Peer 1: 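Would you mind keeping the following structure in view while I ask a few things?
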Amino acid sequence: MVVGCLVGGVIVGPLGGVDANAFAFTSLLTIPVFSPAVTYAIAITAAFFTSMTLVYFSDYRTPEQRAEMNALRHAEERRAEGAGGGLSAPAASGSR
């Protein structure tokens, strides 16, 4: 998340900065509090997508949670293969 904040700040800096007319937490509803609002919207959008991408690709789970989920997935795959859940060709019909 800190990297996302860095990206937002790097965008705001060269674009001339942003002023706040009142104290507000960052959210979509508080965009009008900041001036210029377009610069602020661009910066928080870039920060959000940067953070989201890093969390997605870095796998946010702990090693224990990752191992547990992998074990569950492998068990489900084995159960599906054992139950005939795989696709197979239909049996050839003989001449009658």
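Remember, it's a predicted structure, so these values are computed and weren't measured experimentally. The analysis underlying the following values was restricted to heavy atoms, covering all of them including side chains, and did not include hydrogens, waters or symmetry mates.
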Peer 1: Between Leu15 and Val38, is there a shared hydrophobic cluster once you connect ILVMFWY residues whose side-chain heavy atoms come closer than 4.5 Å?
Peer 2: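 In one cluster: yes.
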Peer 1: CG/Leu54 to OH/Tyr60 distance, rounded to the nearest 0.5 angstrom?
Peer 2: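 One gets 15.0 Å once the value is rounded to the nearest 0.5 Å.
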Peer 1: Provide the closest heavy-atom pair for Phe34 versus Ala24 in the form atom of the first, atom of the second, distance.
Peer 2: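 Residues Phe34 and Ala24, closest heavy atoms: CZ-O, 4.3 Å.
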Peer 1: Nearest heavy-atom pair of Ala47 and Cys5: which atoms, and what distance?
Peer 2: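 So the two residues come closest at CB-N, 4.5 Å.
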Peer 1: Decide, yes or no, whether a salt bridge links Glu76 with Arg79 under the criterion of side-chain N to carboxylate O below 4.0 Å.
Peer 2: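 Counted as a salt bridge, because a side-chain N and a carboxylate O are separated by less than 4.0 Å.
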Peer 1: Might you point out which heavy atoms bring Val33 and Ala22 nearest each other, and give the distance in Å?
Peer 2: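 The pair with the smallest heavy-atom distance is CG1-O, 3.5 Å.
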Peer 1: Can you tell me how far the OH atom of Tyr40 sits from the OG1 atom of Thr45, to the nearest 0.5 Å?
Peer 2: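 Nearest 0.5 Å value for the OH-OG1 distance: 9.5 Å.
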Peer 1: Can you tell me how far CG of Leu6 sits from OG of Ser51, rounded to the nearest 0.5 angstrom?
Peer 2: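 The OG atom of Ser51 sits 10.0 Å away from the CG atom of Leu6.
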Peer 1: Between Pro36 and Gly17, which heavy-atom pair has the shortest distance, and what is it?
Peer 2: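 Looking at all heavy atoms of both residues, the closest pair is CD-O, 3.6 Å.
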Peer 1: Compare every heavy atom of Ile11 with every heavy atom of Ala46, then report the nearest pair and how far apart it is.
Peer 2: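 Nearest pair, atom of Ala46 first, then Ile11: CB-CD1, 3.3 Å.
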Peer 1: Sub-3.5 Å donor-acceptor pair from the side chain of Asp19 to the main-chain atoms of Ser35, do we have one?
Peer 2: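 The answer is no, because no donor-acceptor pair under 3.5 Å joins these two groups.
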Peer 1: Can Val12 be reached from Ile31 by stepping across I, L, V, M, F, W or Y side chains whose heavy atoms are under 4.5 Å apart?
Peer 2: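 Yes, because Ile31 and Val12 connect within a single hydrophobic cluster, where side-chain heavy atoms sit under 4.5 Å apart.
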Peer 1: State plainly whether one hydrophobic cluster holds both Val18 and Leu28, where clusters connect Ile, Leu, Val, Met, Phe, Trp and Tyr through side-chain heavy atoms under 4.5 angstrom apart.
Peer 2: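 In one cluster with Val18: Leu28, yes.
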Peer 1: Do any N or O atoms from the side chain of Arg61 and from the backbone of Arg66 form a donor-acceptor pair under 3.5 angstrom?
Peer 2: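 The answer is no, because no donor-acceptor pair under 3.5 Å joins these two groups.
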Peer 1: Would you confirm whether Thr30, through its side chain, and Ser27, through its main-chain N or O, come within 3.5 Å as a donor-acceptor pair?
Peer 2: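 Yes, Thr30 side chain to Ser27 backbone: donor-acceptor pair under 3.5 Å.
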Peer 1: Verify the neighbour count for atom CG of Leu72: are there more than 12 heavy atoms of other residues, nucleotides or ligands below 6.0 Å?
Peer 2: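 Count over threshold, so yes.
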